[in-house]
Amino acid sequence: MEKERAIAVVVLLCLVVVVELPEASATRFMVGGKMGWNSNVNYTIWAQDKHFYNGDWLFFVYDRNQMDVLEVNQTNYVSCNAEHPVHNWTTGAGRDVVPLKVTRHYYFISSKGFCYGGMKIAVKVENMPPPPKASPVKSKSSVLTPTFRSQFVLPVVFAIGAMWDTLVRL
């Protein structure tokens, strides 16, 4: 009974720590939105109001029997040259996911003449901006300082004490 209670306390404390961690999330962009990866979309306009960050993903949905997804350099992007791609992301399923793991410009085209019809997209990947800083509390009294500290310091002290007590009793 005592061991079960100790384990429950440790699990609860771990959950509290996980909840307090800052949230980090990546975005998966379906290239072209509902239209997907095809020749009827202006990808420059589609991408212009989006911010692509390190860790995001591009999801290409297209007709696997006709099109492909090739990553090329800037020169080959401009000229629609698919002869020497940096990477061929085509898996054959028509549902290809490209991780954006490096902060740089990415250039994608579809070969077989589709690039000339507009099937190309350039994406600039940036690092996530830092979270906004909290504005300072403007108060003439120092009453808020102990309250603010107690909201964070006391729960941490009690959590460490509870974990130590649990480990000593095991």
Side-chain angles (χ1 to χ4, degrees), residues 7-138 148 151-152 155-156 159-160 163:
I7 291 172
V9 169
V10 170
V11 169
L12 181 64
L13 290 174
C14 289
L15 288 174
V16 168
V17 169
V18 169
V19 169
E20 293 297 322
L21 291 176
E23 183 178 325
S25 64
T27 303
R28 184 187 65 147
F29 294 95
M30 186 168 147
V31 177
K34 292 179 182 178
M35 297 296 290
W37 182 238
N38 68 60
S39 57
N40 297 326
V41 178
N42 184 330
Y43 293 100
T44 303
I45 292 173
W46 176 82
Q48 74 184 4
D49 65 339
K50 293 171 180 51
H51 293 280
F52 301 96
Y53 297 113
N54 191 346
D56 286 347
W57 302 78
L58 294 180
F59 183 44
F60 291 86
V61 178
Y62 57 94
D63 182 352
R64 67 182 182 177
N65 296 318
Q66 296 182 16
M67 301 159 189
D68 55 8
V69 178
L70 302 177
E71 183 179 349
V72 295
N73 62 27
Q74 184 180 14
T75 304
N76 290 343
Y77 171 81
V78 171
S79 64
C80 287
N81 182 355
E83 288 182 23
H84 302 290
V86 173
H87 194 283
N88 184 348
W89 291 99
T90 308
T91 61
R95 307 271 187 274
D96 298 324
V97 179
V98 177
L100 304 173
K101 295 182 180 179
V102 179
T103 53
R104 64 177 174 92
H105 283 90
Y106 288 80
Y107 303 95
F108 300 96
I109 66 171
S110 184
S111 66
K112 305 173 190 170
F114 288 104
C115 180
Y116 297 109
M119 283 187 68
K120 62 183 189 176
I121 184 171
V123 173
K124 181 182 178 187
V125 176
E126 305 170 319
N127 282 324
M128 185 73 78
K133 294 185 178 183
S135 59
V137 177
K138 295 180 180 180
F148 180 74
Q151 289 177 346
F152 297 104
V156 170
I160 292 171
M163 286 175 44

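What you are looking at is a predicted structure, and each value in this text was computed from that prediction instead of being measured.
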Any sub-3.5 Å donor-acceptor pair from D68's side-chain atoms to N88's backbone N or O? no

Whether S110 side chain and V69 backbone form a donor-acceptor pair below 3.5 Å: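 Side chain of S110 to backbone of V69: no pair is present.
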
Side chain to side chain donor-acceptor pair (under 3.5 Å) partners of E71, counting only residues at least two apart: W89, R104

Of all residues at least two apart in sequence or in a different chain, which pass the side chain to side chain contact (heavy atoms under 4.5 Å, CB included) check with [X]?
X: M35; answer: N38, N40, V41
X: K50; answer: F29, W46, F52
X: D49; answer: none
X: T44; answer: N42

Criterion side-chain contact (heavy atoms from CB on, under 4.5 Å) on T27 and Y53, from CA distance to verdict: CA-CA 8 Å; T27 303; Y53 297 113; over 6 Å; no

Give the ring-plane orientation class for W37 versus F60, where under 30° counts as parallel, over 60° as perpendicular and anything between as tilted. perpendicular

Write out all pairs satisfying disulfide bond (SG atoms under 2.5 Å apart) with one or both partners inside residues 75-130, taking only residues at least two apart or from two chains.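 As it turns out, the disulfide bond (SG atoms under 2.5 Å apart) pairs with a partner in residues 75-130, which skip direct neighbours, are C80-C115.
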
Count the heavy atoms belonging to other residues, nucleotides or ligands that lie under 6.0 Å from NE2 of H87, then report whether that count exceeds 12.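 Counting other residues, nucleotides and ligands, NE2 of H87 exceeds 12 neighbours.
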
If you look only at distance, which donor and acceptor atoms sit under 3.5 Å apart when one is on a side chain in residues 122-132 and the other is two or more places apart or in another chain?
none

Name all residues meeting the ring pair (Phe, Tyr, Trp, His ring centres under 6.0 Å) criterion together with Y107; count only those two or more places apart in sequence or in a different chain, and write none if there are none. Y77

List in chain and number order the residues that pass ring pair (Phe, Tyr, Trp, His ring centres under 6.0 Å) with Y106, two or more places apart in sequence or in another chain; answer none if no residue qualifies. none

Sorted by first residue and then second, give each salt bridge (charged side-chain N to carboxylate O under 4.0 Å, His left out) pair with at least one member in residues 28-46; sequence neighbours left out.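 Every pair satisfying salt bridge (charged side-chain N to carboxylate O under 4.0 Å, His left out) with a residue in residues 28-46: there are none.
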
Pairs involving residues 94-103, ordered by first then second residue, that meet salt bridge (charged side-chain N to carboxylate O under 4.0 Å, His left out) (sequence neighbours left out):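 Residue pairs passing salt bridge (charged side-chain N to carboxylate O under 4.0 Å, His left out), neighbours aside: none found.
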
